[in-house]
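Let me begin by presenting the structure, written as structure tokens, before commenting on it.
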2 protein chains.
Amino acid sequence: MPTISDVAKLSGLSKSTVSRVINNYPHVSKEKRELVEKAMKELSYTPSPTARRMRGQVTTTIGVIIPRITNPFFSYLVNAIEQTAYKNGHQVIIFQSNENKEKEIDFLNLLKTNQVDGVIMTAIENDWEVVRSFQEFGPILLCNEYLNNADVPTVRLDQIKGAYIGTKHLLEKGHTKIAYCTGGLFAVDGKDCDRNQGFQKAMQEGGLTVNPPWVFVNKHTMEDGKAVMRQILDMKERPTAVFTGSDEVAGGIIVEAKESGLNIPEDIAVIGFDDQPLAELVAPKLTTIRQPVNDMGQKAVQIMIKMLNHEKLEQMEYELPIELICRQST
Amino acid sequence: MPTISDVAKLSGLSKSTVSRVINNYPHVSKEKRELVEKAMKELSYTPSPTARRMRGQVTTTIGVIIPRITNPFFSYLVNAIEQTAYKNGHQVIIFQSNENKEKEIDFLNLLKTNQVDGVIMTAIENDWEVVRSFQEFGPILLCNEYLNNADVPTVRLDQIKGAYIGTKHLLEKGHTKIAYCTGGLFAVDGKDCDRNQGFQKAMQEGGLTVNPPWVFVNKHTMEDGKAVMRQILDMKERPTAVFTGSDEVAGGIIVEAKESGLNIPEDIAVIGFDDQPLAELVAPKLTTIRQPVNDMGQKAVQIMIKMLNHEKLEQMEYELPIELICRQST
DNA sequence: TTGTAAGCGTTATCAT
DNA sequence: ATGATAACGCTTACAA
């Protein structure tokens, strides 16, 4: 690989001048500039980002932390982030935390060592106190995930509303025995907590109380969904509807229910969350809460870029709309 | 951020000794080593990978080029690659080419500038002659995608066989009017070409000829699948079975067929490729060709690591098994 | 066993 | 307008 010195030598000028051309500084004569450009072309020279980074300038790489890429919600979110970043000349590095605290720390360390210039977190595994301490090494932005009293810029949806309208919809269909699946626990901070609240609010308004055996926590995958349905089948008193925290789980529930000869939505209604492509694929098609992933990814990158440029943000929280998509599973 | 000099100062030793401890060189006295370790801990020091990279050693970052992350086949493949790499202390950077030649070149340039130490390509957009030229900047490995006469290490499946057993299966079910969907073109090099061959071989053996209007090229997504089905519906003479190059396309075909009141597999049989999770979700469940994504990802990383270490490879081509998963759509 | 010093490819500072 | 030089944080001959 040719270096800046090679270009300098070939063009008969100094490294400084070459550097000035590269970073197009104002005070370089047209004559010399052309000389340098010719030499660069001739050697097909590319500046070394490593060296530049060492020198302490470039801020072009964005790290994105996701739980797992095989969850379509996140693959679509990452896709939106990557596309937007690329258009703006930024590179994206994707990290899977696999819901693992240590791995998350490993990745945040890349911020510390300047491997990435900023981090977009779509989920948080460690306590906020731990994550916060990394803010001194570079900007951190929350996207999708959020904390209720945190001092971080956040791009989020109104999860309370999401769970609320979903549950309300089940109530309107006449259900009174409603089960609830969440990806998190039933009482924590942030996104999942808000969904729990939205669910409980709707239940209360309907004059219903939450039945603990019908609450399933830590459910993420299609397999989890199948397992949930098997548990429900074993119950003496079964719910007539299930609210889930993800389309994948909902899909698993539907597949297993049909396997056991149940009809959907007659015997059991199911509502998903995300509006993933599979929602249209499964039969019956899935009623679900649509999250505007593309907009969320775009917005997140736009804000991250502002943060990297040390621009002031107008707001700390950007909230995007969420809506019910009514199909056939309810 | 503390540097190696800070550690040296605090421990009262030289940078060299600290460096020796970091890279655990043999000849350091236990005494000094402990001194250094204590200082490192005290400062919570992390060596700067940027500086190390500049010095020209570290080879720990692997780039992976995929067409799009929202295709489950690739998200699962990337997942396997990432997990394996992480276990071996390697970092993975994911690039979406979006089937775009320029973007692919942009990413290969990271190899040139030492941003990544090796590249795993799961698809190739540019001509091999172009890609090959990047080999001088670091190891390139083909995974999933392949070329028939190329001098690159490759981890691949027997695509001829895959298409062959799929088509054969349709023949055995008594079909004679078989349509064919591919992600590529109907006559190129590599993976898709082999599938075409497998398809044609089975057709010939069944005494059938390929009907051009029933060949659909460049089909990738569920939407593409729906469009294909709509085209088929408009035909005077319709095929009774469709072989597709991906479960997503097959899913789209099934959804659209059901929408139009057709029964599957009675009116039209559909066979997918990949065995993605959606294969179990769609009704009827999808008959498909399983590709061992996990094994493929694992193997690819293992070989890439060998290449990075300049170890000699026993073979240039590693072929993994492929099998028919028979469900209800045929 | 340990330390000194040069060098990796840039850019910023200070002269000229 | 241009050039010499130091500095970024690390590794590695070479010396001691």
Side-chain angles (χ1 to χ4, degrees), chain A residues 1-40 43-61 109-117 137-138, chain B residues 1-40 43-61 109-117 137-138:
Chain A
M1 283 293 301
T3 75
I4 197 173
S5 304
D6 298 323
V7 178
K9 212 169 294 168
L10 183 60
S11 61
L13 295 163
S14 72
K15 289 197 292 177
S16 326
T17 306
V18 177
S19 176
R20 288 191 185 102
V21 172
I22 294 171
N23 302 282
N24 44 14
Y25 269 57
H27 307 296
V28 191
S29 69
K30 195 167 281 182
E31 191 193 0
K32 313 277 181 189
R33 160 163 282 128
E34 280 163 6
L35 233 47
V36 171
E37 277 162 355
K38 180 161 158 276
M40 296 206 294
L43 296 168
S44 74
Y45 161 80
T46 327
S48 149
T50 313
R52 294 182 127 182
R53 185 176 289 282
M54 257 258 304
R55 204 54 194 58
Q57 297 306 317
V58 234
T59 51
T60 158
T61 309
N109 265 319
L110 299 188
L111 197 58
K112 204 166 154 187
T113 57
N114 263 300
Q115 305 255 72
V116 297
D117 304 294
F137 304 113
Chain B
M1 283 294 300
T3 74
I4 198 173
S5 304
D6 298 324
V7 178
K9 213 169 293 169
L10 182 61
S11 61
L13 294 163
S14 73
K15 289 196 294 176
S16 337
T17 307
V18 177
S19 175
R20 289 191 186 102
V21 172
I22 295 171
N23 301 284
N24 44 14
Y25 269 58
H27 307 296
V28 192
S29 68
K30 196 167 281 183
E31 191 192 359
K32 313 279 181 189
R33 161 164 279 129
E34 280 163 6
L35 233 48
V36 171
E37 277 163 355
K38 180 161 159 275
M40 295 206 295
L43 297 168
S44 75
Y45 163 79
T46 326
S48 150
T50 312
R52 295 182 124 182
R53 185 176 289 283
M54 258 261 302
R55 203 57 192 58
Q57 298 306 317
V58 235
T59 51
T60 158
T61 308
N109 265 319
L110 299 186
L111 197 58
K112 203 165 154 187
T113 58
N114 262 299
Q115 305 256 69
V116 296
D117 304 295
F137 306 113

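Computed from a predicted model, the values in this text were never measured in an experiment. Values below: all heavy atoms of this structure, side chains included; hydrogens, waters and symmetry mates excluded.
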Inset, instruction - For the residue pair A:Y45 and A:I4, establish whether any side-chain heavy-atom pair is separated by less than 4.5 Å. - result: yes
Legend entry - Base-paired stems in DNA chain D, each at least three Watson-Crick or G-U pairs under 3.5 Å: C:1-16 with D:1-16
Inset, instruction - Between A:G56 and A:S14, just flag the one whose closest nucleotide in DNA chain D comes earlier from the 5' side. - result: A:S14
Legend entry - Reading 5' to 3' through nucleotides 10-16 of chain D, protein heavy-atom contacts under 4.0 Å coded B for base, S for sugar-phosphate only, - for none: BBBB---
Inset, instruction - Take atom NZ of B:K112 and atom C1' of C:dG9, then tell me their distance rounded to the nearest Å. - result: 16 Å
Legend entry - Rounded distance (nearest 0.5 Å) linking atom OG1 of B:T46 with atom CG of A:L110: 10.5 Å
Inset, instruction - Find the distance A:K9:NZ to C:dG9:P and express it as a whole number of Å. - result: 11 Å
Inset, instruction - To the nearest 0.5 Å, tell me how far A:S19 OG sits from A:N24 CG. - result: 10.5 Å
Inset, instruction - Test side-chain hydrogen bond (donor to acceptor under 3.5 Å, both in side chains) on A:T17 and A:S14 and set out the steps. - result: CA-CA 5 Å; A:T17 306; A:S14 72; 3.2 Å; yes
Legend entry - Distance test, side-chain N/O of A:T17 to OP1/OP2 of D:dT2, below 4.0 Å: no
Inset, instruction - Measure the distance from CE on A:M40 to P on C:dT10 and round it to the nearest whole Å. - result: 11 Å
Legend entry - Spacing between A:D6 atom CG and C:dG9 atom C1', to the nearest angstrom: 10 Å
Inset, instruction - Please figure out whether B:K30 or B:M54 has its closest DNA chain C nucleotide nearer the 5' end. - result: B:K30
Inset, instruction - For residues B:T61 and A:Q115, determine if any side-chain heavy atom of one lies less than 4.5 Å from a side-chain heavy atom of the other. - result: no
Inset, instruction - Check whether any side-chain heavy atom of B:R53 sits under 4.5 Å from a side-chain heavy atom of B:D117, and report yes or no. - result: yes
Inset, instruction - Under the side chain to side chain contact (heavy atoms under 4.5 Å, CB included) rule, collect the residues that match up with A:K32, sequence neighbours excluded. - result: A:L13, A:V28, A:S29
Legend entry - Flag side-chain contact, heavy atom, 4.5 Å: A:L43 against A:K9: no
